[in-house]
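Dropping the structure in here first, questions after.
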Amino acid sequence: MKRKKIIKTVFILIGVGILTAGGVVYYMFNMPHRNVQASKTDYLLNAGQLVAEYLLDPAAANQKYLDESGESKILEISGTVASVSEDFNDQKVVLLKTPDNKAGISCTFTHQTNDSLKDIQKGQHITVKGVIRSGAAYDEDLEMYENVIMEKCDIVLKNTNS
Amino acid sequence: MKKTTILTITMIVTMMMVAFKPAPEKWVSSKTHVKFFSSTIAEDIEANNYKTVSTITPNTGEVVFSVPMQSFEFEKSQMQKHFNQDKFLDTKNFPKSKFTGKITNLSAINWEEDGTYNTLISGVLSIKGVSKDYNEEGTIVVSGNAITVNSTFNVILADHGIAFKDGKPSTNVAKTVEITLTAEYQPQ
């Protein structure tokens, strides 16, 4: 009698364990992507500062800003709008760059945040929040400077003019 | 009189040098799509990248692609994390993959005339710091003031030092993945 009870308890415990483990695996497998806009900003900078940091020491900048699992730093970058375009996924792309800077910040918005750019004009000074994907550098093969890349962007602040 | 002659000759020579210097015309693309596709019995995995930068120099046939690896986006966040980690692509230490190559049938392409041209490109692809030679086919579409390049080719992950001995990725990620790329260029 007592033995039966122990066996029953053990089976229940094993069952609960399997269900919990399964639940965790299922959750991990279907875990949603990090919501960049709802997450805390790691660094506030202006476009020129970030480019300068990358051109000075790319290795140090990569260590500082990039994450090994791809969840890299979330930045708020202020800068001047040089152009607004659209990518093959119908996402808006804003280039923050002043003529005296060698490279700029290429910020890709999302289907949800595209509308934030509706009234944005070239030359306007704005602050964009997003996740950094790669830094700025001069590429010898492309024979040009590559921009810093940010994605999942939205505007957090806009001034009427720069 | 003499001074004027020297000046004139210098001017003519300078003008000729400028006129006969081959136009270093370069086309640049930042409107691109690179797709990664892996298919196994277990599952199909797809990732998309819209932040690749590319250049084409029609005179020489040189083609360059610079691919920011952290911009590959997967449906499942866990897959994206695995992709970035050091066992797979180690994107923190190798944030960009690069292809540098040449169009080998340059004479078959008329850059001034609208049309679709089949093209052969041969070059070196460097992923995770490991380079390998590739000879691939693609098309170049010349249309008005824009050029579009399309190509689909296979990458054997082990060629670039990417191999899984065990765990889920060893069964769920194909040994050979298919890369599809499209890039739209504007003259620079």
Side-chain angles (χ1 to χ4, degrees), chain A residues 25-36 54 58-59 61-73 83 85-93 95 103-104 106-110 130-153, chain B residues 24 26 28-35 48-57 62-96 98-101 123-124 126 148 168 181-184 186 188:
Chain A
V25 168
Y26 183 79
Y27 172 76
M28 293 286 283
F29 187 68
N30 288 293
M31 198 157 60
H33 285 275
R34 177 174 63 158
N35 183 338
V36 169
Y54 260 101
N62 278 338
Q63 283 304 313
K64 180 174 169 186
Y65 295 114
L66 297 187
D67 174 73
E68 60 181 17
S69 68
E71 297 207 326
S72 294
K73 297 294 182 213
S83 67
S85 56
E86 204 169 88
D87 70 12
F88 275 124
N89 192 23
D90 303 322
Q91 302 174 120
K92 298 267 189 222
V93 182
L95 179 65
S106 175
C107 312
T108 298
F109 283 57
T110 65
V131 54
I132 185 168
R133 303 293 202 196
S134 69
Y138 181 77
D139 189 285
E140 300 180 335
D141 297 308
L142 293 167
E143 294 179 314
M144 58 185 233
Y145 281 93
E146 284 194 90
N147 298 316
V148 173
I149 290 171
M150 293 224 302
E151 290 186 297
K152 311 281 164 213
C153 293
Chain B
K26 207 177 185 98
V28 177
S29 172
S30 51
K31 186 176 179 177
T32 55
H33 180 199
V34 178
K35 190 170 95 179
N48 294 287
N49 181 318
Y50 297 97
K51 301 277 343 180
T52 296
V53 174
S54 175
T55 56
I56 281 194
T57 313
E62 278 171 86
V63 181
V64 181
F65 281 90
S66 174
V67 186
M69 298 306 282
Q70 293 205 347
S71 287
F72 275 103
E73 185 140 337
F74 293 71
E75 190 195 340
K76 301 247 187 281
S77 65
Q78 277 305 104
M79 283 178 189
Q80 194 159 325
K81 282 183 187 168
H82 283 148
F83 176 86
N84 284 296
Q85 278 162 4
D86 57 353
K87 276 185 201 158
F88 203 165
L89 285 150
D90 195 6
T91 60
K92 182 175 180 173
N93 293 310
F94 301 98
K96 279 180 178 153
K98 196 196 255 179
F99 175 82
T100 50
V124 178
S126 167
T148 308
K168 208 175 171 193
L181 66 87
T182 304
E184 190 183 286
Q186 304 294 330
Q188 207 61 12

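Values in this document were obtained by computation on a predicted structure and should not be read as measured data. Chain letters run A, B, ... following the sequence lines, proteins first, then strands; residues in each count from 1. Side-chain atoms are counted along with the backbone in the values below, which use heavy atoms only and exclude waters and symmetry mates.
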*Heavy-atom contact with chain B under 4.5 Å, split by part of A/S134*: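 The side chain, not the backbone.
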_Part of A/V131 lying under 4.5 Å from any heavy atom of chain B_ =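 Neither part.
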*Could you please spell out the steps behind the side chain to side chain contact (heavy atoms under 4.5 Å, CB included) verdict for B/K51 and A/E151?*
CA-CA 9 Å; B/K51 301 277 343 180; A/E151 290 186 297; 3.2 Å; yes
*Considering only NZ, NE, NH1 and NH2 on the basic side and carboxylate oxygens on the acidic side, decide whether A/E146 and B/K96 come within less than 4.0 Å.*
yes
*Which one, A/V93, A/I149, A/I132, leads in non-hydrogen pairs under 4.5 Å with chain B?*
A/I149
*Which answer fits B/S30, side chain, backbone, both or neither, if we ask what part of it has an atom under 4.5 Å from a heavy atom of chain A?*
neither
*Where does B/E75 contact chain A at under 4.5 Å (heavy atoms): side chain, backbone, both or neither?*
backbone
*Out of curiosity, B/S71 OG to A/M150 CE, how far, rounded to the nearest 0.5 Å?*
11.5 Å
*Are B/Q70 and A/S72 close enough that a side-chain donor and a side-chain acceptor fall under 3.5 Å?*
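On atom types as modelled, these side chains qualify, holding a pair under 3.5 Å.
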*B/N93 versus chain A, the contacting section by heavy-atom distance below 4.5 Å*: side chain
*Relative to chain B, which of A/P32, A/G70, A/G135 shows the most heavy atom pairs under 4.5 Å?*
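So the answer, after comparing A/P32, A/G70, A/G135, is A/G70.
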*Looking at A/E143 and B/K26, does any basic side-chain N land under 4.0 Å from a carboxylate oxygen?*
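Judged by the 4.0 Å cut-off on N to carboxylate O distance, A/E143 and B/K26 do form a salt bridge.
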*asked:* Salt bridge or not between A/D67 and B/K92? Use side-chain N to carboxylate O under 4.0 Å.
replied: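 Salt bridge: no.
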*Which region of A/Q63, side chain (C-beta onward) or backbone (N, CA, C, O), has a non-hydrogen atom less than 4.5 Å from a non-hydrogen atom of chain B, or is it both or neither?*
both
*If you measure only the distance, is there a donor-acceptor pair under 3.5 Å linking the side chains of B/K31 and A/S85?*
no
*For the side chain of A/H33 and the backbone of B/F74, is there at least one donor-acceptor N/O pair under 3.5 Å apart?*
yes
_What verdict does the side chain to side chain contact (heavy atoms under 4.5 Å, CB included) test give for A/E71 and B/N84, after you've listed the backbone C-alpha separation in whole Å, the side-chain angles of each residue and the deciding distance to 0.1 Å?_
CA-CA 9 Å; A/E71 297 207 326; B/N84 284 296; over 6 Å; no
*Sort out for me which of A/D139, A/D87, A/L66, A/N62 touches chain B most, counting heavy-atom pairs under 4.5 Å.*
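Option with the greatest count: A/L66.
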*In this structure, are over 12 heavy atoms from other groups packed under 6.0 Å from A/E68 atom CD?*
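Counting neighbours around CD of A/E68, 12 or fewer heavy atoms of other residues, nucleotides or ligands fall under 6.0 Å, so no.
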